[in-house]
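Here the structure is laid out as structure tokens; the discussion comes afterwards.
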Number of protein chains: 2
Amino acid sequence: MASQRGEGETTTTPVEPADRERARAIPEAAVARLAVYLRVLSGMSDQGVTAVSSEELSQAAGVNAAKLRKDLSYIGSYGTRGVGYDVEVLVSHIERILGLTRSHSVAVVGIGNLGHALANYGGFPGRGFPVTALFDVDPDLIGIPVGGIPVNHIDEITEVCLEREVSIGVIATPPPAAQSVCDRLVSAGVQCILNFAPVVLQVPDNVEVRKVDLAVEMQILSFHVARRADEAAGVSAGIDSAGNNGLGVDGMVIRP
Amino acid sequence: MASQRGEGETTTTPVEPADRERARAIPEAAVARLAVYLRVLSGMSDQGVTAVSSEELSQAAGVNAAKLRKDLSYIGSYGTRGVGYDVEVLVSHIERILGLTRSHSVAVVGIGNLGHALANYGGFPGRGFPVTALFDVDPDLIGIPVGGIPVNHIDEITEVCLEREVSIGVIATPPPAAQSVCDRLVSAGVQCILNFAPVVLQVPDNVEVRKVDLAVEMQILSFHVARRADEAAGVSAGIDSAGNNGLGVDGMVIRP
DNA sequence: CCGACTTTGTGCATGCGTTCACAAGCGGTA
DNA sequence: TACCGCTTGTGAACGCATGCACAAAGTCGG
Ligand SMILES: NC(=O)c1ccc[n+]([C@@H]2O[C@H](COP(=O)([O-])OP(=O)(O)OC[C@H]3O[C@@H](n4cnc5c(N)ncnc54)[C@H](O)[C@@H]3O)[C@@H](O)[C@H]2O)c1
Ligand SMILES: NC(=O)c1ccc[n+]([C@@H]2O[C@H](COP(=O)([O-])OP(=O)(O)OC[C@H]3O[C@@H](n4cnc5c(N)ncnc54)[C@H](O)[C@@H]3O)[C@@H](O)[C@H]2O)c1
């Protein structure tokens, strides 16, 4: 689920679920899975598969079959009972819901290690996300084409973004520059931001931010090994390597 | 939340929450946030801040103050009422919980666009995740150092991973190679995998997989703009650009 | 045309995560 | 020492998401 939205919600129609709007409210978690189903379905389509059951699709997508059916039910009833789903039909409906009927042009800001990788990556245009603009501050980079697109100076961000109708901004600058870059993207009218810098961005309510934080991902993995490790070692001994009382278990104990 | 774990749960002690184990069960979502708090706290510590209240910290981390306190309560009670938290104390406890007291060495497989960026990135070692091994199949890459580490051939993966005690494997190969690479990592004893390839990996229960799927992130962003766009345009008209009946709203209507 | 079989769509229960609200606890002050 | 104001820690309520289980709805063979 998104991590950078928090307070935004409270401002939009406090307590009044007009049922028309509720119909549009697909759970955030379901949206993420729909994108995965779409990828799997596209792959099937490419291989000439024309029909699929919820069981097959759910296995390919790595989820529970009931969950898959519920997710699909949010977008409508396009299956045939006793048979399954038509792959093409499902693809087009998911694309429609995800807003992929038109393509969304992407700008990458910060053409360093990561920015180069993103600009050179061929996978986005095919999925409806053409990279159309690159920005940096480094004079050595300005004008140099990366992945076919010449790098512009960050100061040109407003004009270029408006001209090329950029709808998604990707931030791949060092952390200290991220907020400032974000602000510039927002004032250039970009309403969607994908942030790779390990920084919590401040944005107005009408802008959607998603972050990709690799260090956090690794730390979550680290947490799970640690858990597994001392589950295996037995939890009975209350003292761990650091000499702390084990895990602060007391916190969970109901006081007598 | 993780997306590649699903079925695993059912196998581990079906229905019996021994309260000792439950104490260890920190909600997955909370773990992700703890990692963010840790980063923010480290930043504060570097700036000489020694104490912080839940209100301040929660703002810096972009979350609700109550949620922050609950998250911290999962790891114990290390605050002082009426005062707040000692930054250093919190840092050390979060590090302990996340298993960051020892460092976890990382192997990157697939030294293409993305693999290069990861190998060159200086941010991981400092956070306890030194990159110690790189693998590829391309003969032109083998032996070449990237970010100071020479690339090994993928066939050496088992020996090298064991020798360098790799605990996290990062997959940055093209999608078709991902499952095979994953299997090799698993048989080399790697229990944590971070997957950049847009593929659903199949792994045994004792292996933890997290995926980073940029296309999915962008599609989620796309979904939100689309929602906003036709909220603004008004939903009353039942026909959209593609000529479909609007959004399959019927699916949500209760039959009379 | 009918009955058996298959698979969808979903009501419902359960569990998890978030948020509220407040008592408990601590430091400072008179 | 007793009081006051502030902040933590958490019980409890709520809301969202997951998974089950089954009726509804379709296909296919006879
Ligand atoms: N490279 C990785 O694998 C990786 C992994 C995790 C996180 N990150 C994060 O991604 C971001 C980029 O990482 P990187 O390795 O590519 O860094 P980098 O230093 O290689 O590249 C940063 C680029 O941003 C440019 N830049 C600096 N300030 C700018 C500004 N104000 N406007 C526009 N451009 C500006 C620099 O000129 C440089 O080209 C960092 O925040 C980093 O923490 C990177
Ligand atoms: N580059 C990006 O910005 C980006 C963005 C989103 C997703 N991805 C995904 O990340 C993955 C890597 O992307 P990339 O742009 O770096 O690709 P790339 O083609 O530049 O690099 C892939 C590398 O993997 C190596 N490789 C191929 N088969 C291998 C095998 N069996 N074992 C070991 N190495 C092998 C290749 O030799 C190559 O060096 C892809 O799955 C891609 O879909 C990349």
Side-chain angles (χ1 to χ4, degrees), chain A residues 1-3 5-10 14-15 17 22-23 25-34 51-59 61-86 89-90 93 248-255, chain B residues 1-3 5-10 14-17 22-23 25-34 51-59 61-86 89-90 93 248 250-255:
Chain A
M1 180 174 272
S3 30
R5 300 183 311 125
E7 349 301 356
E9 251 81 29
T10 50
V15 194
R22 205 170 51 77
I26 302 175
E28 184 87 6
V31 173
R33 286 190 298 267
L34 283 170
V52 67
S53 73
S54 65
E55 188 59 44
E56 293 166 320
L57 182 53
S58 70
Q59 285 221 320
V63 303
N64 183 300
K67 196 192 300 197
L68 175 126
R69 288 201 298 275
K70 179 143 292 204
D71 287 345
L72 293 181
S73 81
Y74 290 123
I75 68 174
S77 305
Y78 302 112
T80 307
R81 296 176 188 224
V83 177
Y85 302 89
D86 182 289
V89 168
L90 226 44
H93 281 289
V249 179
D250 337 73
M252 303 298 292
V253 172
I254 298 108
R255 228 171 313 96
Chain B
M1 178 176 270
S3 29
R5 299 182 311 124
E7 348 299 356
E9 252 80 29
T10 51
V15 194
E16 193 186 291
R22 203 168 53 75
I26 301 174
E28 184 87 7
V31 173
R33 286 190 300 265
L34 283 170
V52 67
S53 73
S54 65
E55 189 59 44
E56 294 166 320
L57 182 52
S58 70
Q59 285 221 320
V63 303
N64 184 300
K67 193 191 303 198
L68 175 126
R69 288 200 299 273
K70 177 136 291 197
D71 287 345
L72 293 181
S73 81
Y74 290 123
I75 69 174
S77 307
Y78 302 111
T80 307
R81 295 174 189 227
V83 177
Y85 302 90
D86 182 288
V89 168
L90 268 192
H93 282 289
D250 335 75
M252 303 298 291
V253 173
I254 297 107
R255 230 171 310 94

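So you know, we letter chains A, B, ... as the sequences are listed, proteins then strands, and number each from 1.
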Kindly give the atom pairs (protein nitrogen or oxygen, nucleotide nitrogen or oxygen) under 3.5 Å for nucleotides 27-30 of chain D.
none

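- With a 4.5 Å cut-off on side-chain heavy atoms, B/L57 and B/V63 do not count as touching.
- The side chain of B/S54 approaches D/dT8 more closely than any other nucleotide in the set D/dT8, D/dC20, C/dT10.
- The phosphate of C/dG9 has OP1 or OP2 within less than 4.0 Å of a side-chain N or O from A/Y85.
- Nearest-nucleotide positions on DNA chain D for A/A30 and A/R69 put A/A30 closer to the 5' end.
- Residue B/Y85 comes nearest to B/G79 through the heavy atom pair CD2-CA, 3.5 Å, listed as atom of the first residue, atom of the second, then distance.
- The two residues A/S53 and A/V83 come nearest to each other via the heavy atoms CB-O, 4.5 Å.
- When the P atom of D/dG11 is taken as reference, atom OH of B/Y74 falls 11 Å away, rounded to whole Å.
- Residues passing the salt bridge (charged side-chain N to carboxylate O under 4.0 Å, His left out) test with A/R69, sequence neighbours excluded: none.
- For B/K70 against C/dG17, no side-chain N or O and base N or O form a donor-acceptor pair under 3.5 Å.
- In this structure, B/L72 places its CG atom 7 Å from P of D/dG9, rounding to the nearest Å.
- For D/dA17, neither phosphate oxygen OP1 nor OP2 lies less than 4.0 angstrom from any side-chain nitrogen or oxygen of A/N64.
- The two atoms that bring A/A66 and A/N64 nearest to each other are N-OD1, 2.6 Å, heavy atoms only.
- Summarising the geometry of A/L34 relative to A/D71, their closest heavy-atom pair is CD2-O, 4.3 Å, with the distance given to 0.1 Å.
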Would you list the protein and nucleotides 28-30 of chain C atom pairs, both N or O, that sit under 3.5 Å from each other?
none

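- Contact between A/S54 and A/A65 at its shortest, heavy atoms only, is O-CB, 4.3 Å.
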